[in-house]
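Notes to accompany the following structure.
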Amino acid sequence: MNGVTEKPRILLIGKQGQVAWELARALAPHAQLVAADLPELDLNSPKLIATWVKDVRPHFIVNAAAYTDVEKAEDESELAMAINGTAPGLLAQAAKAIDATLIHYSTDYVFSGDAPKNADSLGYTESLQTGSINVYGKTKQAGEAAIKAVSGKYFIFRTSWVYGLRGKNFLLSILRAAQTRETLNVVNDQIGTPTWCRLLAEMTTGVILKCQDPEFLESTTGLYHLTGKGRTSWYGFAKSIIDAASFAHDFKVKEILPVPTSAYPTKAVRPAYALLDCRKFEKTFNLRLPHWEKSLKEAMSEFSIDCLAP
Ligand SMILES: NC(=O)c1ccc[n+]([C@@H]2O[C@H](COP(=O)([O-])OP(=O)(O)OC[C@H]3O[C@@H](n4cnc5c(N)ncnc54)[C@H](OP(=O)(O)O)[C@@H]3O)[C@@H](O)[C@H]2O)c1
């Protein structure tokens with residue numbers, strides 16, 4: 001790629017997903033963008049992956065597609081592993097064959113949830129041992145390993161609690177529940193950091209722009225934690241969501257009650273405390289990450305009741 005004059009050619013995978021939708025928006029002015037999704041590009045098909053990469057010959061492959069249903073993954077572990085564990089390795093191989101860079105997203109769920117709690121700790125750093133406690137996390141862990149094993153150029157961005165105003169996510173679920181229920185019980189003993197999908201898209205775009213300098217790209221390729229700043233519980237997040245939305249809309253909900261995880265048994269065990277320390281990302285790319293509450297306010301300033309249409 002001529003780093004100075006040519007816009008990078010980017011193959012974006014998973015164009016209907018919440019992160020991919022924002023990526024398409026953020027990348028469009030800066031790239032020759034080819035976006036693909038199911039069924040034409042199915043990550044469960046090694047042949048389709050190879051064909052797409054060969055045909056598009058991108059400088060960057062941005063993989064925002066994944067099997068993201070944490071509960072269903074417990075029952076569909078083979079399919080989840082094919083999409084989250086095997087396909088990323090095939091994408092990395094295809095990228096390496098044409099000297100392209102793979103950008104891929106992973107999750108705080110690769111950790112068990114025992115992040116360091118000492119006073120100066122901001123959570124798990126990239127060098128700490130993974131150890132997922134559910135199928136989804138294990139498949140994402142396998143995907144990371146598969147990419148690293150290829151030894152090509154890649155960025156893996158581990159993120160957490162992703163939300164936006166479209167698609168499937170906690171924010172929309174809480175607002176929909178608030179339309180019909182007076183009391184919401186929300187788990188208060190799982191701690192993490194909400195991350196607006198637009199933040200991920202803008203930060204990814206920032207990295208790609210900086211990586212038009214091939215030397216910078218070569219020296220920074222690797223694994224990074226990328227979330228908003230700060231921490232909260234699902235209960236704290238739910239309260240902030242309702243506060244932000246109630247200014248503009250009348251919801252039925254009257255109270256939000258904190259409950260322990262044990263009150264809501266699920267098939268997939270969730271990590272209790274999986275904060276990601278993002279200092280490596282900020283330092284390497286000289287990009288500042290906002291506090292999650294600031295991002296939430298910005299996101300909710302675009303909220304309209306139409307966002308809750310089925
Ligand atoms: N959401 C979170 O809270 C969260 C947290 C941490 C990390 N992440 C990671 O962030 C990335 C983006 O997640 P997201 O929240 O944007 O997920 P999302 O909204 O669920 O989007 C994922 C997209 O992948 C598509 N997909 C599923 N199977 C596919 C296949 N076999 N081939 C091609 N596409 C397929 C989905 O299509 P269908 O909808 O038709 O299935 C969907 O459009 C993922 O890597 C995810 O693991 C997400």
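Just follow the structure's listing: the first ligand is 1, and inside any ligand the first atom is 1. All heavy atoms count here, side chains included; hydrogens, waters and symmetry mates do not.
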Look at [X] together with [Y] and state whether they make a salt bridge at an N to O cut-off of under 4.0 Å.
| X | Y | answer |
| --- | --- | --- |
| Asp99 | Lys153 | yes |
| Arg181 | Glu255 | no |
| Glu71 | Arg270 | yes |

Minimum distance, heavy atoms only, to [atom]: which one of [options] is it?
| atom | options | value |
| --- | --- | --- |
| atom 8 (N) of ligand 1 | Tyr105, Tyr109, Tyr136, Phe157 | Tyr136 |
| atom 43 (O) of ligand 1 | Ala80, Gly17, Pro39, Ala87 | Gly17 |
| atom 1 (N) of ligand 1 | Lys15, Gln18, Glu40 | Gln18 |
| atom 34 (N) of ligand 1 | Gly14, Ala65, Ser106, Ala82 | Ala65 |
| atom 28 (N) of ligand 1 | Thr68, Leu41, Ile83 | Ile83 |
| atom 12 (C) of ligand 1 | Gly167, Ala64, Pro194 | Ala64 |

Can you report which non-hydrogen protein atom sits closest to [atom], along with the distance?
| atom | value |
| --- | --- |
| atom 6 (C) of ligand 1 | Thr159 O, 3.3 Å |
| atom 39 (O) of ligand 1 | Lys168 NZ, 4.3 Å |
| atom 29 (C) of ligand 1 | Leu38 CD1, 3.6 Å |
| atom 2 (C) of ligand 1 | Val162 CB, 3.4 Å |

Exercise. If Ile, Leu, Val, Met, Phe, Trp and Tyr residues are connected whenever their side-chain heavy atoms lie under 4.5 Å apart, and connections chain through other members, are Val162 and Val207 in the same group?
Worked result: yes
Exercise. If Ile, Leu, Val, Met, Phe, Trp and Tyr residues are connected whenever their side-chain heavy atoms lie under 4.5 Å apart, and connections chain through other members, are Ile147 and Ile61 in the same group?
Worked result: yes
Exercise. Which of parallel (below 30°), tilted (30 to 60°) and perpendicular (above 60°) describes Trp161 and Trp234?
Worked result: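 The arrangement is parallel - the two ring planes meet at less than 30°.
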For this session: Select one of side chain, backbone, both or neither to describe which atoms of His104 lie under 4.0 Å from any atom of ligand 1, heavy atoms only.
Result: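 Under 4.0 Å from ligand 1, His104 contributes no heavy atoms.
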